[in-house]
Protein chains: 2
Amino acid sequence: MATGRTHRPATRSRGIPEATVARLPLYLRALTALSERSVPTVSSEELAAAAGVNSAKLRKDFSYLGSYGTRGVGYDVEYLVYQISRELGLTQDWPVVIVGIGNLGAALANYGGFASRGFRVAALIDADPSMAGKPVAGIPVQHTDELEKIISGNGVSIGVIATPAGAAQQVCDRLVAAGVTSILNFAPTVLSVPDGVDVRKVDLSIELQILAFHEQRKAGEEAEGEPAAVPPAARPGASAAADGRKGPDGDVPAVMPA
Amino acid sequence: MATGRTHRPATRSRGIPEATVARLPLYLRALTALSERSVPTVSSEELAAAAGVNSAKLRKDFSYLGSYGTRGVGYDVEYLVYQISRELGLTQDWPVVIVGIGNLGAALANYGGFASRGFRVAALIDADPSMAGKPVAGIPVQHTDELEKIISGNGVSIGVIATPAGAAQQVCDRLVAAGVTSILNFAPTVLSVPDGVDVRKVDLSIELQILAFHEQRKAGEEAEGEPAAVPPAARPGASAAADGRKGPDGDVPAVMPA
DNA sequence: GACTGTGAATCGCTTCACAGCA
DNA sequence: TGCTGTGAAGCGATTCACAGTC
C-alpha cells in the first residue's frame with residue numbers, strides 16, 4: 001500500500017467505507033473504457049474482471065452508493081460512470097498546484113491522467129529562481145514566493161508536493177496556511193498537518209521494498225526451509241552501533257534516506 | 001491505497017501480516033534518519049511518531065519480527081535497521097529494469113530512493129528506436145528488442161512498467177516470460193499475470209480522485225446537509241446513454257482513460 | 001433464468017490493557 | 001519504574017450464499 005491518510009479516526013465519510021472509495025476510481029476507469037467501446041450494460045462479473053476485483057466486492061461497493069443496477073441484466077454503463085464521477089466529486093473542476101518541478105514534478109505536469117479526470121494543473125511552483133518562467137508541459141513555472149498568491153487567487157484546495165524530502169514539510173505548512181486542505185505527497189517524509197487536512201502519500205521506493213520482501217520469500221521457498229528467523233548475531237547490549245554485525249546474507253546493507 | 005497485489009489468496013508470508021510488511025519501509029526510513037543523527041536507542045513511542053503510526057501498532061509489528069527491543073529501554077537503532085533491512089530483503093542487490101522512458105520513466109531512473117536501498121537500475125528500455133543509446137540518468141536506453149536478453153543476462157527479477165496503458169500488458173507478458181516475478185506498474189491498467197508473479201500498482205490519478213472525494217465531502221459539510229444521495233435523474237431503462245442526463249452539479253463530466 | 005442487493009459469517013487488522021522483564 | 005511484548009477485545013472489510021427482482 002503506497003498510501004495512507006493522516007489522522008481522521010473512524011470518521012467514515014457519508015457511510016461509504018474508505019476501502020470502497022479507494023476502489024471507485026478503478027471501477028470508473030473500467031467503465032470509461034467500456035463506454036468508449038459503446039458497451040451499453042455490463043454485469044458485475046464482467047466489470048469486476050475489468051477492474052481487477054471480485055464480483056461480490058464490487059456489488060457490495062455499489063450497494064453503498066445506491067441501487068444502480070438492474071437484476072437479471074446488469075449495470076447501465078453511462079449511468080454508472082456518471083454516478084461514480086459524481087460520488088467522487090469529479091463533476092466539478094479541481095484546480096491543483098504542483099510544487100517542486102524536478103523530474104517527478106515535470107512528469108506529473110505532463111501526466112494526462114490528471115486533466116482527463118477534472119483535475120486542472122493551475123500552476124507549477126519551484127524554489128529555483130532559474131526555473132521561473134520556463135514552461136513545463138506548456139505551463140510557466142512560478143517561484144515559491146508566489147505560492148500564497150497562486151493558491152488563494154485560483155481557489156486551489158489540492159496541492160501536490162514533489163519536492164525533495166527536506167523541503168516538504170515547509171512547503172506543506174505554507175500550502176495549508178494558504179488554504180489547501182488536501183495534499184498528495186511524493187516526498188519521502190511524514191508530513192504533519194492540522195485536523196481537517198487530508199494527506200495521501202505515494203512513495204516509489206516503498207513499493208519496491210514490498211516487492212523485494214515477497215521476492216526474497218519466493219527465493220527462500222525454492223530452497224525449501226524458511227529464511228533463518230533470528231540469526232545468532234550480536235544483540236544490542238547497552239552500547240550502540242559499530243560492532244561489525246553480520247547477517248546470513250553478508251554485510252550490513254547500505255540503507256540511506258532518499 | 002495506491003496499490004494492491006494480484007491473486008495470492010491468504011498466503012500470508014512467513015506469518016508476517018501484509019499490513020505489517022507495508023509499514024516496514026516506513027520504520028526503516030525513520031530509523032535510518034535516527035541512525036544518521038547517531039541516536040543509539042529509541043522508544044516505540046518516539047519511533048512511531050517519526051514513522052507516522054501509533055506505538056501499539058509499531059510494537060505489534062515488531063513482535064512479528066521477533067523480540068528486538070529491551071524492556072524499560074527501547075530499541076537499538078542500528079540493530080533494528082539491520083533486522084528490518086534483512087527482513088525486507090534489502091541486504092542483497094536487486095537489479096531492476098525500467099520499461100518506458102517517458103517523463104515518468106526518466107523521473108524513476110533519476111530517483112535516488114531506489115539506488116540507496118539496494119535497488120540497482122540495471123537497464124532502461126524503450127520502444128522508441130530514436131531513444132536507443134541516449135543516456136538517461138547516466139544509463140543508455142536500450143530498445144525493447146533487447147528486453148529478453150537484458151532480463152536473463154542480468155538476472156533481473158523486478159521490473160518497473162512506465163509505458164502508456166496500451167503497451168503495458170504486452171510488456172508485462174514479455175517481462176514475465178523472460179523471468180521477472182515482481183512488477184511495479186505505473187500504467188493505468190489492470191495487468192493479468194500468472195500465479196507466482198506479484199504486481200503492485202501506483203496510479204497517480206487514483207490518489208487525486210480519492211482526495212477529491214474527501215474534499216467534496218468537506219465542502220458539503222460546511223453547507224450543513226449531506227450532498228443529495230440519489231438524485232431524481234433519469235434511471236437506466238432498457239436503452240443506454242445519450243439522454244442528456246444532468247446531475248445537481250451540472251453536466252456529465254469529461255472522464256476519459258489516461 | 002439471470003443477475004443484483006444484502007444479511008450473516010468470516011477474516012484480518014487495529015487497539016486495548018496489562019503481564020513480564022530490564 | 002519504564003517500556004516492551006502480547007493475549008484478548010473490538011472493528012472494519014471481505015466473502016458467502018441466497019432472497020429478491022426483472
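Being a predicted model, the structure only gives us computed values, none of them experimental. Just the heavy atoms: all of them, side chains too, but no hydrogens, waters or symmetry mates, feed the values below. Note on naming: letters A, B, ... go to the chains in the order of the sequence lines (proteins, then strands), and numbering restarts at 1 for each one.
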Set of side-chain hydrogen bond (donor to acceptor under 3.5 Å, both in side chains) partners for A:D61, sequence neighbours left out: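 A:T20, A:R23, A:Y27.
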side-chain hydrogen bond (donor to acceptor under 3.5 Å, both in side chains) partners for B:E215, two or more places apart: A:T181, A:S182, B:K218
Rounded to whole angstrom units, what separation is found between the [atom1] atom of [X] and the [atom2] atom of [N]?
| X | N | atom1 | atom2 | value |
| --- | --- | --- | --- | --- |
| A:D76 | C:dC3 | CG | C1' | 15 Å |
| B:F62 | C:dT14 | CZ | P | 14 Å |
| B:E45 | D:dT4 | CD | P | 8 Å |
| A:E18 | C:dT14 | CD | C1' | 16 Å |
| B:L24 | C:dC13 | CG | P | 13 Å |

Report, one pair per line, the protein and nucleotides 1-3 of chain D atoms (nitrogen or oxygen only) whose separation is under 3.5 Å.
residue: D:dC3; atom: O4'; partner: B:G72; partner atom: N; Å: 3.2
residue: D:dC3; atom: O2; partner: B:G72; partner atom: N; Å: 3.3

Aromatic ring proximity, centroids under 6.0 angstrom, B:F114 and B:Y111: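 They qualify: ring centres under 6.0 Å apart.
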Ring centers of B:Y75, B:Y68 separated by less than 6.0 Å: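 Centroid distance B:Y75-B:Y68: not below 6.0 Å, so no.
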B:Q169: partners by side chain to side chain contact (heavy atoms under 4.5 Å, CB included), with sequence neighbours left out: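 B:Q169: side chain to side chain contact (heavy atoms under 4.5 Å, CB included) contacts with B:C172, B:D173, B:L191, B:S192.
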Atom pairs under 3.5 Å, N or O on each side, protein against nucleotides 14-18 of chain D: can you list them with distances?
residue: D:dT14; atom: OP1; partner: A:R23; partner atom: NH1; Å: 2.9
residue: D:dT14; atom: OP2; partner: A:R23; partner atom: NH1; Å: 3.3
residue: D:dT14; atom: OP2; partner: A:R23; partner atom: NH2; Å: 2.8
residue: D:dT15; atom: OP2; partner: A:N54; partner atom: ND2; Å: 2.5

Flag for B:Q209-B:S205: side-chain donor and acceptor within less than 3.5 Å: yes
Residue pair A:Y64 / A:G15: nearest heavy atoms and the distance that separates them: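 Scanning both residues completely, I find the closest heavy atoms to be CD2-O, 4.1 Å.
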Listed partners of A:R59 passing salt bridge (charged side-chain N to carboxylate O under 4.0 Å, His left out), at least two apart: none
